[in-house]
Amino acid sequence: MKLNIALLPGDGIGPEVITQAVKCLEAVEETFNHNFEFKEALVGAIAIDKTNNPLPDETLQVCHDADAILFGAIGDPKYDNNPKAKIRPEQGLLKLRKELGLFTNIRPVKIYKSLVNRSPLKEAIISGTDFTIYRELTGGIYFGEKKLSEDGTVASDLCEYSEMEISRIAHLAFKAAKNRRNKLTLVDKANVLESSRLWRKVVTNIGKSYPEVELDFLFVDNAAMQIILNPAQFDVILTENMFGDIISDEGSVIGGSIGLLPSASIGDGSALFEPIHGSYPQAKGKDIANPIASILSAAMLLEHFQLFEEAMAVRRAVDKALEKGIVTPDLNPKSTYGTHQVGDFIANNIVDEDDEINMNDENIDLGKSTII
Ligand code: IPM
Ligand code: MG
């Protein structure tokens, strides 16, 4: 298959993790005889530095022309603590989501057996956790009208949803539940918010077309608690933009590190794949960032194009790295493996899946490990 993939490495650790994901896609290309063309473009703080625009027109064009986009991370501390900054890196990502119509963000949360002891939660609580968050991505409070009074003392952000915006993602979430364990939980704040009451009404109606799917509702405060108390109860969680942002970070630590969680943003046309973690500026250039979320985002990209065997090869190689302890320090503080060594190991295992590639293999650029 020929695929044009736009690469938007962005800021902080973005470029490092994207490099590893590309390495893995190239391993897939070679092993399964595909043709992936990569085209890199600027986004985020680095784009502001170079063009004064977090999403230059040229980048948008590259994304429109591509079949899929692999996104790294954006954000820079120099903007975070400056409430007066008019141009912010995050605007680049938000505009990209809106312009490309990426209205559904899919964030799978699962547990790896080899990492149960890395979770902040007890093994008995996390065992069996396997859920997916369907987060609405182009509406709600993120995109509603923003106001700041002239004297700067009063501000507001409007949370608005239309029936159409709710129903298009709800159908995707119900379909996903049908292919999984037939359970859908709508997370909202319908006891307080009018917009949440509309979500309940629309989702309840759509639910009638999916009788095999059990639908339940949770207020977001309770959901935040339930995700920690009993994460295994969830199958598909459907929610609006900001609630999804918050509970997906919460869900990500159940597995032991936010550095493991990929995501797919889909919608009208092209699709975007990105780790859910941010730019982690403190780790930039130190070769300690976990590339797995980015590599698993590449696996989701492959699945999006029905390349299931290929995606499986990537996932198996990731599992192998985790089992053998070829991981970055976030997953094992004693590990001396760097970002690129984890990437090399995973890529090499995609190519030679049946060979026993281990830390002594000369193909892998090894550090002095104390792990195995
Ligand atoms: C995410 C991020 C973004 C969001 C930021 C960077 C704008 O936190 O993808 O979860 O809030 O959507
Ligand atoms: Mg977030």
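The figures here come from the full heavy-atom set of this structure, side chains too, leaving out hydrogens, waters and symmetry mates. Atoms within a ligand are numbered from 1 in the order they appear, just like the ligands themselves.
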Asks: Please report, to 0.1 Å, the donor-acceptor pairs under 3.5 Å made by any side chain of residues 292-308, with sequence neighbours excluded.
Replies:
from: Ser294; atom 1: OG; to: Val17; atom 2: O; distance (Å): 3.3
from: Ser297; atom 1: OG; to: Glu274; atom 2: O; distance (Å): 3.2
from: Ser297; atom 1: OG; to: Ala293; atom 2: O; distance (Å): 2.7
from: Glu303; atom 1: OE1; to: Arg315; atom 2: NH2; distance (Å): 3.0
from: Glu303; atom 1: OE2; to: Arg315; atom 2: NE; distance (Å): 3.1
from: Glu303; atom 1: OE2; to: Arg315; atom 2: NH2; distance (Å): 3.1

Asks: Restricting to pairs with a member in residues 50-98, which pass ring pair (Phe, Tyr, Trp, His ring centres under 6.0 Å), not counting sequence neighbours?
Replies: none
Asks: Evaluate whether atom NZ of Lys146 has more than 12 neighbouring non-hydrogen atoms of other residues, nucleotides or ligands under 6.0 angstrom away.
Replies: yes
Asks: If we ignore angles and hydrogens, is there a donor and acceptor under 3.5 Å between the side chains of Asn349 and Arg316?
Replies: no
Asks: So for ligand 1, is Glu90 a polar contact partner (N or O within less than 3.5 Å, distance only)?
Replies: no
Asks: May I ask whether Arg135 places a heavy atom under 4.0 Å from ligand 1?
Replies: yes
Asks: For atom CE of Met225, is the number of surrounding heavy atoms from other residues, nucleotides or ligands below 6.0 Å larger than 12?
Replies: yes
Asks: Would you say Arg97 contacts ligand 1, with heavy atoms under 4.0 Å as the rule?
Replies: yes
Asks: Starting from the Mg ion (ligand 2), count all protein N, O or S atoms within a radius below 2.8 Å.
Replies: 1
Asks: Quick check for you: to the nearest 0.5 Å, what is the distance between Glu160 atom CD and Glu145 atom CD?
Replies: 9.0 Å
Asks: Does atom NZ of Lys2 have more than 12 heavy-atom neighbours, drawn from other residues, nucleotides or ligands, at distances under 6.0 Å?
Replies: yes
Asks: Could you tell me the separation between the CG atom of Asn53 and the CD1 atom of Ile87, rounded to the nearest 0.5 Å?
Replies: 7.5 Å
Asks: What is the nearest protein non-hydrogen atom to atom 4 (C) of ligand 1, stated with its residue, atom name and distance?
Replies: Tyr142 OH, 3.5 Å
Asks: Tell me, which pairs form a ring pair (Phe, Tyr, Trp, His ring centres under 6.0 Å) where one or both residues lie in residues 116-152, sequence neighbours left out?
Replies: Phe131-Phe234
Asks: Yes or no: does Asp245 have any heavy atom under 4.0 Å from an atom of ligand 1?
Replies: yes
Asks: With backbone taken as N, CA, C and O and side chain as the heavy atoms from C-beta onward, which portion of Arg107 lies under 4.0 Å from ligand 1: side chain, backbone, both, or neither?
Replies: side chain
